[in-house]
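Worksheet: one structure, shown below.
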Amino acid sequence: MTLPLYKAVADRPPSREVTGHAGLWFDKFCNQWRHEKSTWTMKSRDEHNPKLQWIKTLTTGKVGAAPHLQETALRLAALVESRKGHVEVFTTTSRFVTGLGRSHPIENGFAWHPTLGTPYVPGSSVKGLVRSWAKLEADPRPDKQLRERLLGTPDKAGSLCFLDAIPIAPVQLEADVMTPHYAGWSVDDPPGDWRSPTPIPFLTTAADTPFLFGVTPVRDISDADLRAVQEWLRAALAWGGAGSKTAIGYGRFESNERETTSLTDRIRKRKEARETLMQAERTARERAERLAALSPTEREIEELLNTRRDRNVPEITAIIQAVKSGRWTGDAKIEAARCLKDRMTRAKKWKETSRKKQPAKDRDYQDTLTVIRWLRGEAS
């Protein structure tokens with residue numbers, strides 16, 4: 001049977017890759033068409049429901065790549081925190097559906113994040129939800145001036161930016177169905193309960209799916225104002241719901257304190273790791289600059305100290321041992337002796353005289369005498 005697809009595709013119908021973009025698959029590769037009476041259709045016939053079959057291609061496994069979702073969530077949360085905003089994880093307590101009004105061959109569309117390939121809640125929808133709750137349901141009810149200052153008006157932007165709410169882990173999708181009884185009626189054939197329902201399948205997000213919501217100031221606001229918006233958001237998601245079909249219980253969310261805490265902890269650890277790395281890079285850069293300003297012998301001494309096996313051996317002792325072993329000769333040995341004198345002086349170990357009863361047992365004094373001989377060009 002011929003399909004309305006390019007021949008190369010029709011001959012080898014593609015299958016959905018688990019790691020692929022589920023939104024592109026859903027929107028672009030619907031292959032449940034059949035040719036009937038000179039037209040293409042997806043109407044059910046016998047027991048076969050082509051629309052439901054297409055939806056089920058997305059319900060056999062979770063959508064979204066875990067590493068991409070986690071990285072996006074971390075970056076989003078870090079951005080909000082850097083702007084002194086509010087970030088919180090909410091988990092669906094019922095099925096959630098968004099984008100039903102989008103055009104699609106199965107009659108009901110679905111809103112997909114353009115890059116993550118998962119369901120999401122656009123920031124504009126989150127803001128609209130919060131605005132409606134603050135205006136109609138919040139207790140205590142904020143005055144109009146406060147609402148407009150924080151959430152804006154059609155002519156002026158508010159003080160807050162609502163970011164897209166995204167899932168923080170791969171998402172399980174499920175097939176659902178609506179059964180309107182009153183489709184196809186006319187004046188001569190009015191609607192009534194005696195009509196047979198018309199099952200229409202649609203795609204939903206399963207309950208217990210965590211989403212990250214972020215609100216960030218675009219201009220200075222008080223902590224009290226930000227807390228008020230946080231409470232509006234929590235109440236609106238719990239009681240009003242987000243997405244479509246909220247009137248019958250879809251799209252309810254509750255705050256997930258455990259996931260929120262876990263996310264903020266990961267942000268803190270990542271920040272600490274980044275600061276540690278930056279400090280290490282600064283230290284390495286400073287050392288390289290310092291070594292570049294040294295003479296060849298001084299650089300050799302630094303290399304000797306950094307690569308010595310036994311870190312318990314004092315630096316001065318390690319250098320003296322290296323000179324005695326014959327590592328440097330001639331002028332290089334004299335320069336190494338000068339470096340030793342400088343280090344011993346800074347460490348207050350340069351002693352040209354000894355007050356001990358047995359000077360032979362005065363380690364600093366004996367080391368000083370040895371270095372003096374090297375400075376004179378004498379052998380050890």
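- Checked by atom type and distance alone, the side chain of Arg338 never pairs as donor or acceptor with a backbone atom of Leu375 at under 3.5 Å.
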Could you check Leu212 against Val89 for side chain to side chain contact (heavy atoms under 4.5 Å, CB included), going step by step and ending with a plain yes or no?
CA-CA 4 Å; Leu212 177 67; Val89 176; 3.9 Å; yes
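- Under the 3.5 Å distance criterion, the side-chain polar atoms of Thr368 are matched with a main-chain donor or acceptor of Asp364.
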Verify salt bridge (Lys or Arg N to Asp or Glu O under 4.0 Å) between Asp367 and Arg363, making sure each step is shown before the conclusion.
CA-CA 6 Å; Asp367 286 345; Arg363 178 68 176 273; 3.5 Å; yes
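- Using a distance-only test at 3.5 Å, with no hydrogens or angles considered, no donor-acceptor pair links the side chain of Arg252 to the main chain of Thr92.
- More than 12 heavy-atom neighbours from other residues, nucleotides or ligands sit within 6.0 angstrom of NZ on Lys245.
- Using a 4.5 Å heavy-atom threshold, the side chains of Ile320 and Trp374 count as touching.
- In this structure a side-chain-to-backbone donor-acceptor pair under 3.5 Å is present from Arg311 to Asn306.
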Could you give the side-chain donor-acceptor pairs of residues 77-84 under 3.5 Å, partners two or more places apart or in another chain?
{"unit_1": "Ser82", "atom_1": "OG", "unit_2": "Ala78", "atom_2": "O", "d": "3.4"}
{"unit_1": "Ser82", "atom_1": "OG", "unit_2": "Leu79", "atom_2": "O", "d": "2.6"}

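- Atom OG1 of residue Thr91 and atom CD of residue Glu257 lie 12.0 Å apart, to the nearest 0.5 angstrom.
- Contact check for Val126 versus Leu233: side-chain heavy atoms found under the 4.5 Å cut-off.
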Apply side chain to side chain contact (heavy atoms under 4.5 Å, CB included) to the pair Thr118 and Ile166, showing each step before the final yes or no.
CA-CA 8 Å; Thr118 61; Ile166 61 168; 5.6 Å; no
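- Put simply, CD on Glu303 and CG on Leu294 are 12.0 Å apart, with the number rounded to the nearest 0.5 Å.
- Taking the side chain as every heavy atom from C-beta outward, Asp225 and Ser159 never approach each other to under 4.5 Å.
- In summary, the side chains of Glu335 and Ser295 do present a donor paired with an acceptor at a separation below 3.5 Å, with no hydrogens or angles considered.
- Residue Arg149 holds its CZ atom at 10.5 Å from CZ of Arg219, rounded to the nearest 0.5 Å.
- Counting heavy atoms from C-beta outward, Arg299 and Glu302 have side chains that stay 4.5 Å or more apart.
- Panel note: side chain Thr59, backbone Lys56; a donor-acceptor pair is recorded below 3.5 Å.
- The closest side-chain heavy-atom distance from Trp25 to Val63 is not below 4.5 Å.
- Annotation for Lys351: atom NZ counts as buried by contact number, over 12 foreign heavy atoms lying within 6.0 Å.
- Around CG of Asp220, the count of heavy atoms belonging to other residues, nucleotides or ligands within 6.0 Å does not exceed 12.
- When all heavy atoms of Trp232 and Pro142 are compared, the pair lying nearest together is CZ2-CG, 3.3 Å.
- Every residue two or more places apart in sequence or in another chain that forms a ring pair (Phe, Tyr, Trp, His ring centres under 6.0 Å) with Phe90 is listed here: Phe213.
- In this structure, Glu272 does not pair ionically with Lys269, as no charged nitrogen and carboxylate oxygen lie closer than 4.0 Å.
- With contacts defined as side-chain heavy-atom distances shorter than 4.5 Å, the pair Thr261/Arg258 does not qualify.
- In this structure the side chain of Phe162 reaches within 4.5 angstrom of the side chain of Val229, judged on heavy atoms.
- Using modelled atom types and a 3.5 Å distance limit, the side chains of Thr297 and Trp328 yield no donor-acceptor pair.
- Note that CG of Leu203 is 5.5 Å distant from CH2 of Trp112, once rounded to the nearest 0.5 Å.
- Within the model, atoms CD1 of Ile301 and CG of Leu340 stand 6.5 Å from one another, a figure rounded to the nearest 0.5 Å.
- For Asp143, the CG atom is densely surrounded, since the number of other residues' heavy atoms within 6.0 Å is greater than 12.
- A salt bridge links Arg95 to Asp176: one of the charged nitrogens lies within less than 4.0 Å of a carboxylate oxygen.
- Counting non-hydrogen atoms of neighbouring residues, nucleotides and ligands closer than 6.0 angstrom, the NE2 atom of His68 reaches no more than 12 such neighbours.
- Between the side chains of Gln230 and Arg227, not a single donor N or O lies within less than 3.5 Å of an accepting N or O.
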Evaluate Val130 against Lys127 for side chain to side chain contact (heavy atoms under 4.5 Å, CB included), listing each step before the verdict.
CA-CA 5 Å; Val130 172; Lys127 183 176 182 179; 5.9 Å; no
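- In this structure, Glu298 does not pair ionically with Arg343, as no charged nitrogen and carboxylate oxygen lie closer than 4.0 Å.
- Ring-plane geometry between Phe202 and Tyr250 is classed as tilted, the angle between the planes lying from 30 to 60 degrees on a 0 to 90 degree scale.
- Crowding of Asp342 atom CG: a count of heavy atoms from other residues, nucleotides or ligands under 6.0 Å exceeding 12.
- The side-chain heavy atoms of Arg287 and Leu291, taken from C-beta on, include a pair separated by under 4.5 Å.
- Applying the salt bridge (Lys or Arg N to Asp or Glu O under 4.0 Å) rule to pairs touching residues 65-79 yields Glu71-Arg75, Glu71-Arg270, sequence neighbours excluded.
- When the shell of 6.0 Å around CD of Glu275 is examined, it contains more than 12 heavy atoms from other residues, nucleotides or ligands.
- Rounded to the nearest 0.5 Å, atoms NZ (Lys324) and NZ (Lys333) are 10.5 Å apart.
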